[in-house]
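Let me begin by presenting the structure, written as structure tokens, before commenting on it.
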Amino acid sequence: MTEGNRTAETGEKKKAIRWFVSLMEERAWLEEMSLQGWFLTDLRVGIWYVFEKGEPKRTAYDVERFDLEKNPTRREIQEKSALMDMALETGWRQVCRDEAMNYYLAKDWEDEETNELYDSPEDRARRVERYSRLFSDKIHLILWVCVLMQGLALLFWFLPAEEGVGWFSAFDMIYTFCCLLFCLTLLRWRERYSRELKLSMEEWKAIYGKKDTITKFRLVLTVGGLTRYLERQSAAGYHLKNMRVFRFVFTPGEAEEISYMMDTKYLTNRRRKKSGGNVFKDGWDWEGRNNDWQVQSLKEAEAAGWEFAGAVECRNILYRAEKGKAVPINDAGGFRVTSAVGGRTVYIVTAGLIGGIIGGLIGYFFL
């Protein structure tokens, strides 16, 4: 066995199939593999990882994307060479790259040194832009395919009816639906890449890294039911970390008596009316993103002894406090799912009604 430039070469290889939505999560996993003595040597189709056995040691990994626009500038052509030269000068080495032009770089971990390819927000922002362009290009391509499919559907519509043509309408509907669903997925992935790649690895680990948490899914439709559910969880030693409409993430700990309280724009305005103040109303804010009421809610809740626990869809704020240590500022009740989904539901219903009316008129006059 000889000591190689990267690892103590043994010739032993290991293959693993993994799929990551997050580049940061992928980098953290590769680092964990190096601590077990497995070092990346190849990657195929983005999911097939090839490792080589060596002496366990902590290795930093980073990923960069080098793709060119259709009409690249001189700077864009030279950018790859400049970045790779910079990486080599700072101790990084190219391990492999995949078919999507993602280059995987590695270096031995150095305490008290920068163990990331980029250590400034400006450099990370440029990488975010490159990955955002990747997702945007894919989305545009899929949308153009959808336009083409709709053009073919119109062509079949006006052609004389023939046996066997009817299958295309069903195929077109299913195909377009799947394409649009994939576009929505790509948009979510782009948002996640943009959010995470702005962070350093240490910042990412502190926010998104592995933690001792438990995720529970529960349909809780009423505000009262939600607060009682969370209070029971705290009494059992599970404390809320974050939540979505139906997903709750808890951190295990000691059992505590915790009270929860939810506040909304409606409840804040109701308090304002009682005190003779002006209500928060913004005719331009269709999605409920104006945070004036939230600022007011925080002031009132914290003054009454409550602590911010989380917010959902810009329409609900959840507060918590030790039982008996805070004064309730409202008697929240009713359905929470209405305010949680809110404006987006209105958009979907409105779009469905308009589409139904247009489809009905076309069917009435042309069929």
Side-chain angles (χ1 to χ4, degrees), residues 180 183-184 187-188 190-192 194-195 198 207 217-231 240-249 258-360:
L180 294 176
C183 283
L184 291 175
L187 283 172
R188 295 293 298 271
R190 186 179 68 177
E191 291 174 4
R192 181 167 182 174
S194 300
R195 183 173 62 248
K198 292 177 182 177
I207 300 174
F217 294 89
R218 188 180 181 90
L219 179 62
V220 185
L221 297 179
T222 64
V223 174
L226 175 67
T227 55
R228 289 192 295 271
Y229 169 68
L230 295 177
E231 287 171 3
L240 185 70
K241 182 173 182 278
N242 62 65
M243 69 175 185
R244 294 295 181 265
V245 179
F246 304 127
R247 186 188 62 157
F248 303 88
V249 179
I258 303 292
S259 295
Y260 288 89
M261 178 188 69
M262 180 171 282
D263 202 16
T264 64
K265 182 177 180 179
Y266 167 76
L267 294 169
T268 302
N269 281 336
R270 193 169 71 176
R271 293 194 302 274
R272 298 276 291 177
K273 284 181 180 179
K274 287 183 179 179
S275 62
N278 295 325
V279 300
F280 294 102
K281 187 176 181 180
D282 186 350
W284 295 103
D285 184 31
W286 292 2
E287 292 188 344
R289 294 183 180 275
N290 190 327
N291 70 337
D292 291 343
W293 76 268
Q294 295 172 327
V295 173
Q296 181 64 28
S297 175
L298 277 170
K299 289 180 181 178
E300 296 179 11
E302 291 177 350
W306 294 95
E307 173 190 354
F308 178 83
V312 182
E313 296 290 338
C314 302
R315 296 174 178 274
N316 300 281
I317 298 182
L318 186 70
Y319 298 101
R320 63 183 164 207
E322 292 184 35
K323 192 170 286 290
K325 295 293 183 69
V327 179
I329 61 174
N330 61 52
D331 53 349
F335 289 97
R336 67 175 285 262
V337 70
T338 303
S339 56
V341 180
R344 297 190 182 184
T345 301
V346 174
Y347 284 152
I348 293 171
V349 172
T350 302
L353 288 174
I354 293 174
I357 292 171
I358 293 174

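Considering CZ of Arg270 and CG of Asn330, their distance stands at 7.0 Å, rounded to 0.5 Å. Summarising the geometry, atom CD belonging to Gln296 is positioned 4.5 Å from atom CZ belonging to Phe280; distances are rounded to the nearest 0.5 Å. Annotation: the span from Thr227 atom OG1 to Met261 atom CE amounts to 10.5 Å, rounded to 0.5 Å.
Using a 4.5 Å heavy-atom cutoff, the side chains of Ile329 and Arg271 are in contact. Residues Val295 and Asn291 form a side-chain contact, since some pair of their non-hydrogen atoms from C-beta on lies under 4.5 Å apart. Looking at Tyr260 and Val223, their side chains never come closer than 4.5 Å, going by heavy atoms from C-beta outward. The side-chain heavy atoms of Lys265 and Thr268, taken from C-beta on, include no pair separated by under 4.5 Å.
A salt bridge does not link Asp292 to Lys281: none of the charged side-chain nitrogens sits closer than 4.0 Å to a carboxylate oxygen.
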Run the numbers on Gln294 and Ile317 for side chain to side chain contact (heavy atoms under 4.5 Å, CB included), then give the verdict.
-> CA-CA 8 Å; Gln294 295 172 327; Ile317 298 182; 3.7 Å; yes
List the steps, then state whether side chain to side chain contact (heavy atoms under 4.5 Å, CB included) holds for Met262 with Leu226.
-> CA-CA 9 Å; Met262 180 171 282; Leu226 175 67; 3.1 Å; yes
Audit row: Asp263, Ser297, side-chain hydrogen bond (donor to acceptor under 3.5 Å, both in side chains) steps and yes/no | CA-CA 7 Å; Asp263 202 16; Ser297 175; 2.6 Å; yes
Step by step, work out the side chain to side chain contact (heavy atoms under 4.5 Å, CB included) result for Leu230 and Val220.
-> CA-CA 10 Å; Leu230 295 177; Val220 185; over 6 Å; no
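Here Tyr229 and Phe248 bring their ring centres to under 6.0 angstrom of each other.
Using modelled atom types, no side-chain atom of Arg272 and backbone atom of Gly277 make a donor-acceptor pair closer than 3.5 Å. Asn269 places no side-chain N or O within 3.5 Å of a backbone atom of Val279 that could act as its donor or acceptor partner.
Applying the side-chain contact (heavy atoms from CB on, under 4.5 Å) test to Lys323 and every residue at least two apart in sequence or in another chain returns Glu231, Glu257, Ser259. Here Arg228 pairs with Arg232 under the side-chain contact (heavy atoms from CB on, under 4.5 Å) rule; sequence neighbours left out. Qualifying side-chain contact (heavy atoms from CB on, under 4.5 Å) partners for Ile354, counting only residues two or more places apart in sequence or in other chains: Thr350, Ile358. Judged as a salt bridge (charged side-chain N to carboxylate O under 4.0 Å, His left out), and not counting sequence neighbours, Arg188 has no contacts. Here Val327 pairs with Ala304 under the side-chain contact (heavy atoms from CB on, under 4.5 Å) rule; sequence neighbours left out. Residues that satisfy the side-chain hydrogen bond (donor to acceptor under 3.5 Å, both in side chains) test with Arg190, not counting sequence neighbours, are Ser136.
Ala326 and Ala321 get closest at one heavy-atom pair: CB-CB, 3.6 Å. Closest of all the heavy-atom pairs between Tyr319 and Leu298 is OH-N, 3.3 Å.
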